[in-house]
Number of protein chains: 2
Amino acid sequence: MSRITLKDLSKFLSLSTSTISRALLNDKNINAETQKRVLEAAEKLGYRPNTTALSLKYGQTKNIGLVVPEMITPFSSKVLQGIQNILYPLGYRVIITQSDENPLIERKNLQLLEEFNVDGIIINLCHETYNEDVYKEIMDRGIPLVFFDRIPSKTLEVSKVVVDDNIKASLVVEHLINTGRKRIVHIMGPSTIRNAVEREMGYKRILKKHNIFDPELIIKTDGMMFEAGEHAAKHLLDRKIEFDSIFAFSDTLAIGAMNYLLEKGIKIPEQVAVASFSGTELATIVHPKLTSVQQPLVKMGEAAADLMLEKIKDISAPNQTIVMDTELIYRASTFN
Amino acid sequence: MSRITLKDLSKFLSLSTSTISRALLNDKNINAETQKRVLEAAEKLGYRPNTTALSLKYGQTKNIGLVVPEMITPFSSKVLQGIQNILYPLGYRVIITQSDENPLIERKNLQLLEEFNVDGIIINLCHETYNEDVYKEIMDRGIPLVFFDRIPSKTLEVSKVVVDDNIKASLVVEHLINTGRKRIVHIMGPSTIRNAVEREMGYKRILKKHNIFDPELIIKTDGMMFEAGEHAAKHLLDRKIEFDSIFAFSDTLAIGAMNYLLEKGIKIPEQVAVASFSGTELATIVHPKLTSVQQPLVKMGEAAADLMLEKIKDISAPNQTIVMDTELIYRASTFN
DNA sequence: GTGAAAGCGCTAACAC
DNA sequence: GTGTTAGCGCTTTCAC
């Protein structure tokens, strides 16, 4: 808590609090001499403005909530970094909540953030439709909501930051084909996540184009974490499904699968090439390093924060969709 | 922002705001009938208390700052989880800042949090002494500071949550010796981090006890991230230093080193066993999985939050040091 | 049991 | 150019 207040300065200098305030705010109606005295006294006594008073005055808490599915992988941290880059210098605090990939927890988090009186919420959701009612309620109450990465179903019009999942997924698959792979597995995320469906569409389109599509090669996972990837790999081996490569929905799933294969003595990339989507550090801290679609996560955070600022300035600003550019990074996991 | 206020309810029910307030706070001086009416109206109109007004009233922002070195690894996220477990239900917001292992950024973060008027700061520092002056200043201003994991030098008495680095490091080394390793490298963190020194001491003590200590086997890194581990491994190979195992300061350094060795075709654990310290998911998502000292990160966060609450309740509460139990988890990276 | 009024720290409209 | 005052939303004396 700030100890010393305008009132203290006012007493100290025998000036009214409004004069002090004006001096501090660099108002035009202030004597240069007076201002200097005030500034010096403020410095000397260690005055720090009370943000709470300002919040009350202006009706803005300067708190922005962030809801993410998890923070085990660096994905959200990177986006957070971008959000902070924009919001911290402007005096906004960012309050993070983790949903643990559970829509129920996400729901609680949203309610918690509302209780925290945030000015807006930036969210990467964990289920396309489950909490749609809450999203709506929140927006109806005049609290702007900005989505990134995983967005709600099309029935809800919102501001959002996304990547072109479909096209980039197809590029990954093309790459696998170009390097001679024919039995390309897709480890697909839950279909309650729009991106999973989009990436699958990209995958399917290319395989069909090349006439090598086989529905058996699509493994839909239940979860999103490493074990889900392991299960997918186990499933493939247990069923003796023949495959020479994997395109996974995310680095996380890819790594889970990769480690299972390595444990079973399968050589990567010699026997099975692995590629994925995300672009976190995870792709480069495993061996072999993963070919992956790199998303500009920090920039995505910055974009989301910008959208949020726009909405805060004018709640009726039109919803925008920002599509970020991604880059397919080729690494050892897909080359012999 | 909450739309509807006590005043609105007051008008709506033709009652004074004080009565409304009393009803909502379940005060004894309130007619049961009146209270019922108020509660119903509040529900109906969707009243939500304005936390800002409360903050101003009580002189507490209910904001707690968190300063961590990085969020690329899951270490801080886990601790954050624990902190949130305790603080969120109590209405405290947690505001995170990342120092990027840079004391200068840490300094800025601390100042930022002060400007945010936090009620207290929980911190995992990135340099033992560099910002000691700021820590002191902050505490002198009556803002409680609680440290965890990496703590300041002994000249600064503070509340903190730590683990027994020295003893657990020695257990890891004993384990390596028990599995037949003789040339045990230590990849040591920067000595500006107390834990690095403690873990090195544990390492040294055991090697000396067994008469196999060789100063050449200690590689002190400059950084803390994966590349620093790689560099250490490169250094070992370049200098043709003979070794059959590695004990690394952290999972991060261990993984960096491991991947470099794997790239050079060195077999793990057959040729080189690897063990580390941390206990994040990182240890289990690489191949082979890492033997590592598992720290109870969520619990550490909870303990730090508890210490913080104590300090908030009574700023003059005595400083406490909580030492958490850790567990050495044996995994494939140290077994043939 | 209820209402009026003060005050938390600050800014801004209004006097002078 | 400076001071006075009101008010942001809430709780809490103090009256009645």
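Because the structure is predicted, anything quoted here is derived from the model rather than measured. To find a chain, count down the sequence lines: A is the first, B the second, and so on, and within it residues start at 1.
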- Task: Scan residues 23-31 of chain A against DNA chain C and write down, sorted by residue number, each residue with any heavy atom closer than 4.0 Å; if none is found, say none.
- Result: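 A:Leu25, in order of number.
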
Hey, could you give me each pair passing salt bridge (charged side-chain N to carboxylate O under 4.0 Å, His left out) that has a residue in [range]? Not counting sequence neighbours.
{"range": "residues 143-163 of chain A", "answer": "A:Glu101-A:Arg150"}
{"range": "residues 68-97 of chain B", "answer": "B:Lys78-B:Glu281"}
{"range": "residues 53-66 of chain B", "answer": "none"}

Reckon [X] has a side-chain N or O less than 4.0 Å from the OP1 or OP2 of [N]?
{"X": "B:Tyr58", "N": "C:dG9", "value": "no"}
{"X": "A:Ser16", "N": "D:dT4", "value": "no"}
{"X": "B:Thr5", "N": "D:dG9", "value": "no"}

Specify the separation, in whole Å, of atom [atom1] of [X] and atom [atom2] of [N].
{"X": "A:Asn117", "N": "D:dC8", "atom1": "CG", "atom2": "P", "answer": "16 Å"}
{"X": "A:Gln60", "N": "C:dC10", "atom1": "CD", "atom2": "P", "answer": "18 Å"}
{"X": "A:Ile4", "N": "C:dC10", "atom1": "CD1", "atom2": "P", "answer": "9 Å"}
{"X": "B:Asp8", "N": "D:dG9", "atom1": "CG", "atom2": "P", "answer": "8 Å"}
{"X": "B:Leu15", "N": "C:dA4", "atom1": "CG", "atom2": "C1'", "answer": "14 Å"}
{"X": "B:Gln35", "N": "C:dT2", "atom1": "CD", "atom2": "P", "answer": "10 Å"}
{"X": "B:Lys62", "N": "C:dC8", "atom1": "NZ", "atom2": "C1'", "answer": "16 Å"}
{"X": "A:Arg48", "N": "C:dC10", "atom1": "CZ", "atom2": "P", "answer": "13 Å"}

Set out, line by line, the N/O atom pairs under 3.5 Å between protein and nucleotides 5-7 of chain C.
residue	atom	partner	partner atom	Å
C:dG7	N2	B:Lys57	NZ	3.0

- Message: I want to verify a distance call: between C:dG9, D:dT11, D:dG3, whose nearest atom is closest to the B:Leu54 side chain?
- Response: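 So the nucleotide nearest the side chain must be D:dT11.
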
- With B:Tyr88 via ring pair (Phe, Tyr, Trp, His ring centres under 6.0 Å) - residues at least two apart: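 A:Phe116.
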
- Message: According to ring pair (Phe, Tyr, Trp, His ring centres under 6.0 Å), who are the partners of B:Tyr47, at least two apart in sequence or on a separate chain?
- Response: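 By the ring pair (Phe, Tyr, Trp, His ring centres under 6.0 Å) rule, B:Tyr47 matches no residue at all.
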
- Message: Go nucleotide by nucleotide along DNA chain D from the 5' end; which of B:Leu56 and B:Thr19 gets its closest nucleotide reached first?
- Response: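 That would be B:Leu56.
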
- Scan residues 27-43 of chain A for pairs that pass side chain to side chain donor-acceptor pair (under 3.5 Å), counting only residues two or more places apart or in two chains.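 Those involving residues 27-43 of chain A are A:Asn26-A:Gln35.
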
- Item | Heavy-atom closest pair, residues A:Cys126 and A:Pro103 |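 The pair with the smallest heavy-atom distance is SG-N, 3.6 Å.
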
- Item | Contacts of type salt bridge (charged side-chain N to carboxylate O under 4.0 Å, His left out), residue B:Glu128, not counting sequence neighbours |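 Only B:Arg194 meet the salt bridge (charged side-chain N to carboxylate O under 4.0 Å, His left out) criterion with B:Glu128.
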
- Task: Please list, chain by chain and in numerical order, all residues satisfying side chain to side chain donor-acceptor pair (under 3.5 Å) with A:Ser316, sequence neighbours excluded.
- Result: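 Residues passing side chain to side chain donor-acceptor pair (under 3.5 Å) with A:Ser316: A:Asp314.
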
- Query: side chain to side chain donor-acceptor pair (under 3.5 Å) with A:Thr192: which residues, sequence neighbours excluded?
  - Reply: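 With neighbours one apart ignored, the set is empty.
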
- Item | Residue mapping more 5' on DNA chain C - nearest nucleotide basis, B:Arg22 or A:Ala53 |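 Residue closer to the 5' terminus by nearest nucleotide: B:Arg22.
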
- Query: Does any N or O in the side chain of B:Ser55 come within less than 3.5 Å of the main-chain N or O of B:Thr51, such that one atom is a donor and the other an acceptor?
  - Reply: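 Judged by distance alone, yes, a pair lies under 3.5 Å.
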
- Message: Quick one: does any side-chain atom of B:Asp119 pair with a main-chain N or O of B:Thr61 as donor and acceptor, under 3.5 Å?
- Response: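 Looks like yes, one N/O pair under 3.5 Å.
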
- So what is the end-to-end bend of the helix from C:dG1-D:dC16 to C:dC16-D:dG1, with 5 pairs used at each end and the value given to 10 degrees?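 The end-segment axes of the helix from C:dG1-D:dC16 to C:dC16-D:dG1 are tilted 60° relative to each other.
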
